[in-house]
Amino acid sequence: MTAKATFIQKSTEWVRKSRSVDANLKDYFKACKTFRWASVEKEFSWHKTKKVNIVHEIVDRHAEGARKNKVALYFWDPTPSGAHPSGRDEKYTFLDLKRLSSRFGNILKKYRIKKGDRVGVFLPRTPELYVSILGTHRVGAIPVPLFEAFMEAAIEDRLGNSEASFLVTTPELLRRVPWTRLKSLKHIILVQGEGAAAAPSLGPLSYHFYAEEMARASDFLEPVWLTLDDGLVIHYTSGSTGKSKGVLHRQYAMVGHYQTSKWSLDLREDDVYWCTADPGWVTGTSYGIYGPWSLGVSSVVLGGRFSADRWYEAIQKFQVTIWYSAPTAFRLLMAQGKELPKKYNLKSIRHICSVGEPLNPEALRWIRSITGKAPHETWWMTETGMHIICNYPSLDFKLGATGRSFPGTYASVVNDEGKEVPPNTLGHLVVRVGWPSMMKEIWKNKTKFEEYFKIKGWYLSGDTAYKDKEGFIWFAGRADDVIKTAGERVGPFEVESALIQHPAVAEAGVIGKPDEIRGQIVKAFVSLRKGYGASDILKKEISEFVKKNLAAHAAPREVEFVEKVPKTRSGKIMRRVLRAWDQGLPVGDISTMEE
Ligand code: 6R9
């Protein structure tokens with residue numbers, strides 16, 4: 001493996017912590033020696049009762065104890081809508097969530113959804129989304145959360161592959177659900193939004209309205225008791241080849257969510273925590289639902305679109321103490337300038353974490369300048385289910401470094417033969433197998449699952465990295481062609497497949513192009529079919545086409561027309577050549593390229 005240039009600069013600047021800093025994890029190095037995951041199991045009711053269901057651990061046990069009337073969820077969406085002309089500003093206690101998720105569970109039960117069945121949750125970020133996920137857990141079924149931005153092809157892939165038999169959505173989003181092609185789908189619950197008046201015609205499918213069904217359902221439903229190995233959630237995520245993969249987690253993952261939320265997010269009883277991620281992304285479940293609520297912490301959820309004003313206002317309004325967000329969001333806030341944050345009081349913040357892509361030192365410094373706190377990196381993946389490499393509140397760190405292995409895990413850097421490499425050598429970022437939140441399987445794809453473990457004893461992340469002499473791991477890039485745009489994983493193959501469905505496109509090759517705000521943007525190289533002429537209008541049309549058919553975030557922000565898409569003799573698109581073209585660099589060895 002050869003060292004590649006990356007946009008992370010090796011720095012020697014430190015973020016120093018004062019000795020008096022109060023943190024849940026006081027002595028990182030001691031914890032690395034003494035900490036055992038088994039000790040965390042005692043924090044859960046199932047340790048004594050042997051009755052397992054995550055909804056009991058994150059909702060019911062609080063609702064039945066001292067946290068009964070504590071606010072679990074603060075929901076705010078000031079955007080006016082048909083059903084909510086003055087927006088929404090709501091609070092839900094743990095007891096409320098127990099009752100509501102029991103009602104939803106009773107609806108699922110009525111329609112014979114049972115343990116292990118998959119329930120698609122395709123909703124905007126609203127309290128109903130959280131209630132649906134919790135209710136799904138209550139009956140032991142497996143939620144498949146889907147981003148609101150997904151279009152037909154993405155929905156078809158995910159609901160088709162997971163064979164979901166039940167779907168919760170809104171009348172508006174339903175228009176993008178190709179239900180005639182989803183043979184397993186039996187029932188749809190419509191959460192009324194705007195334009196719900198017209199009852200849709202859904203052929204043989206049964207559909208029902210959320211509000212009506214919830215009003216009729218009982219407030220009580222004992223969770224279906226499971227084993228620690230039973231399914232928890234499926235998150236679809238992109239790889240470099242083929243369709244998206246369904247990453248299935250197990251109930252036992254809660255052990256990892258709990259401890260990382262405690263030590264890395266530093267969550268405490270009186271915190272007000274804001275995770276800005278949508279549950280369509282693993283961050284929005286592991287750390288938007290499971291982790292914080294396993295600790296009984298109050299969470300803020302903000303609905304609607306991104307707006308810098310509203311984000312600052314949310315921090316002030318809820319007196320947010322712990323903020324978990326992503327570099328793209330920090331950069332977007334940064335782009336809005338210094339004057340805006342001065343209008344708000346951001347002093348409540350005690351700790352900030354960042355995830356999804358490398359945090360540039362400028363973004364870190366900027367967030368520190370407006371809040372007084374430096375964002376701390378957390379590196380992990382849909383597949384790891386929980387934080388693996390982090391910077392910790394009580395530990396000094398080097399600006400730009402990804403961090404150190406979470407106590408009880410061991411991340412390292414190896415060469416192609418699986419041998420750990422000396423300091424400052426680039427290699428594959430790997431994790432020693434056996435942490436609590438590791439995925440259980442790739443849904444219906446054993447081969448893909450096994451690919452992660454082809455180096456014996458290690459989980460192969462697909463990232464490249466190096467470790468420095470002090471033991472910090474530095475993320476360098478992806479070893480494969482996966483694109484991270486605004487923190488979201490996009491597989492080039494999925495975008496290429498969408499592109500070639502456009503009548504003008506003969507061939508397409510897709511890469512991630514470095515971008516100041518988004519980290520990377522999706523760039524497509526396209527060759528046209530005979531009879532089509534290159535034009536800016538066509539570029540726009542092609543990009544819109546992907547937006548409409550796949551998802552907005554996957555649509556190419558840049559389209560470049562080429563005579564021919566470079567391919568190997570065996571027909572593989574040479575993205576390396578595309579990247580060189582894009583950067584105006586020499587293309588290197590192209591001896592395997594087709595004539
Ligand atoms: C949680 C999540 C995983 C990929 C991962 C890596 C990138 C995540 C990062 C980071 C640098 C960090 N990534 N955190 N890169 N620094 N702190 O992001 O899951 O969407 O599956 O993506 O994201 O490339 O391999 P997921």
Side-chain angles (χ1 to χ4, degrees), residues 4 6-8 145 147 233-240 244-249 253 256-257 260-261 264-265 275-288 290-291 324-331 352-361 363-364 374-392 397-406 411 413 428-431 437-439 442 448 452 459-466 472-491 512 514 518-520 551 553-554:
K4 279 183 261 157
T6 67
F7 57 94
I8 291 252
F147 275 118
V233 63
I234 300 178
H235 279 289
Y236 279 84
T237 190
S238 303
S240 53
S244 58
K245 312 169 263 195
V247 177
L248 172 69
H249 284 283
H257 303 145
T260 48
S261 297
S264 149
L265 298 177
C275 169
T276 63
D278 188 280
W281 183 30
V282 69
T283 306
T285 55
S286 289
Y287 298 106
Y290 308 135
Y324 194 20
S325 197
T328 298
F330 296 143
R331 290 190 294 258
I352 306 175
C353 288
S354 169
V355 60
E357 38 172 336
L359 176 67
N360 347 41
L364 179 146
H376 288 58
E377 283 274 22
T378 61
W379 177 97
W380 58 295
M381 304 176 67
T382 305
E383 295 87 335
T384 71
M386 65 173 225
H387 297 165
I388 299 289
I389 304 166
C390 308
N391 288 314
Y392 304 88
F397 66 87
K398 280 195 209 169
L399 210 80
T402 312
R404 300 178 185 277
S405 307
F406 191 86
V413 181
H428 304 283
L429 178 56
V430 291
V431 187
S437 308
M438 187 170 85
M439 64 175 159
I442 298 292
K448 276 268 182 274
Y452 292 93
Y459 161 83
L460 186 59
S461 70
D463 285 357
T464 56
Y466 60 89
F472 283 103
I473 292 174
W474 296 70
F475 168 88
R478 289 285 308 177
D480 56 23
D481 297 315
V482 170
I483 301 163
K484 265 260 158 165
T485 178
E488 289 180 43
R489 248 161 99 171
V490 172
R518 294 183 168 77
Q520 287 185 311
H553 71 269

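This one's a predicted model, so the numbers in the text were calculated from it and none came from an experiment. Both ligands and their constituent atoms are indexed starting at 1 by order of listing. For the numbers below, each heavy atom of this structure counts, side chains included, while hydrogens, waters and symmetry mates do not.
Within the 4.0 Å heavy-atom criterion, neither part of L359 lies near ligand 1. With a heavy-atom cut-off of 4.0 Å, F475 touches ligand 1 through its side chain alone. Proximity of K484 to ligand 1, defined as any heavy-atom pair under 4.0 Å, is confined to the side chain (atoms from C-beta onward). The part of E377 lying near ligand 1 is the side chain, judged by heavy-atom distances below 4.0 Å.
Contact atoms of ligand 1 toward T382: 19 (O), 20 (O), 21 (O), 26 (P) (distance under 4.0 Å to a heavy atom of the residue). Using a 4.0 Å cut-off to heavy atoms of M381, the atoms of ligand 1 that qualify are 3 (C), 5 (C), 19 (O), 21 (O), 25 (O). Less than 4.0 angstrom separates some heavy atom of T378 from each of these atoms of ligand 1: 12 (C), 14 (N), 17 (N). Counting the atoms of ligand 1 from 1 in the order shown, those under 4.0 Å from a heavy atom of V355 are 1 (C). Which parts of ligand 1 touch R489 is read off a 4.0 Å heavy-atom cut-off, strictly below it: atoms 3 (C), 20 (O), 21 (O), 22 (O), 26 (P).
Taking atom 20 (O) of ligand 1 as the reference point, the nearest protein heavy-atom neighbour is W281 NE1, 2.9 Å. Ranking the protein heavy atoms by distance from atom 24 (O) of ligand 1 puts D463 OD1, 2.9 Å first. Closest to atom 11 (C) of ligand 1, if we only count protein heavy atoms, is P358 N, 3.3 Å.
The closest side-chain donor-acceptor pair between Y287 and T378, if any, does not fall under 3.5 angstrom.
Put simply, the side chain of Y392 gets close to the backbone of R404: a donor and an acceptor are under 3.5 Å apart. Listed for the K484 side chain is a donor-acceptor partner under 3.5 Å among the backbone atoms of G356. Listed for the S244 side chain is no donor-acceptor partner under 3.5 Å among the backbone atoms of S238.
Here the options are S261, S405, S264, the test is side-chain hydrogen bond (donor to acceptor under 3.5 Å, both in side chains), and the partner is H387; only S264 passes.
For E383, the side chain to side chain contact (heavy atoms under 4.5 Å, CB included) partners at least two apart in sequence or on another chain are T237, K245, V247, M381, M439, Y452, Y459, R489.
In this comparison of A465, G356, C390, S238, the heavy atom closest to atom 14 (N) of ligand 1 sits on G356.
The aromatic rings of Y290 and H257 lie parallel to each other, with less than 30° between the two planes, well short of the 60° mark.
Counting heavy atoms from C-beta on, the side chains of L429 and T402 never come closer than 4.5 Å. With a 4.5 Å cut-off on side-chain heavy atoms, L364 and E377 do not count as touching.
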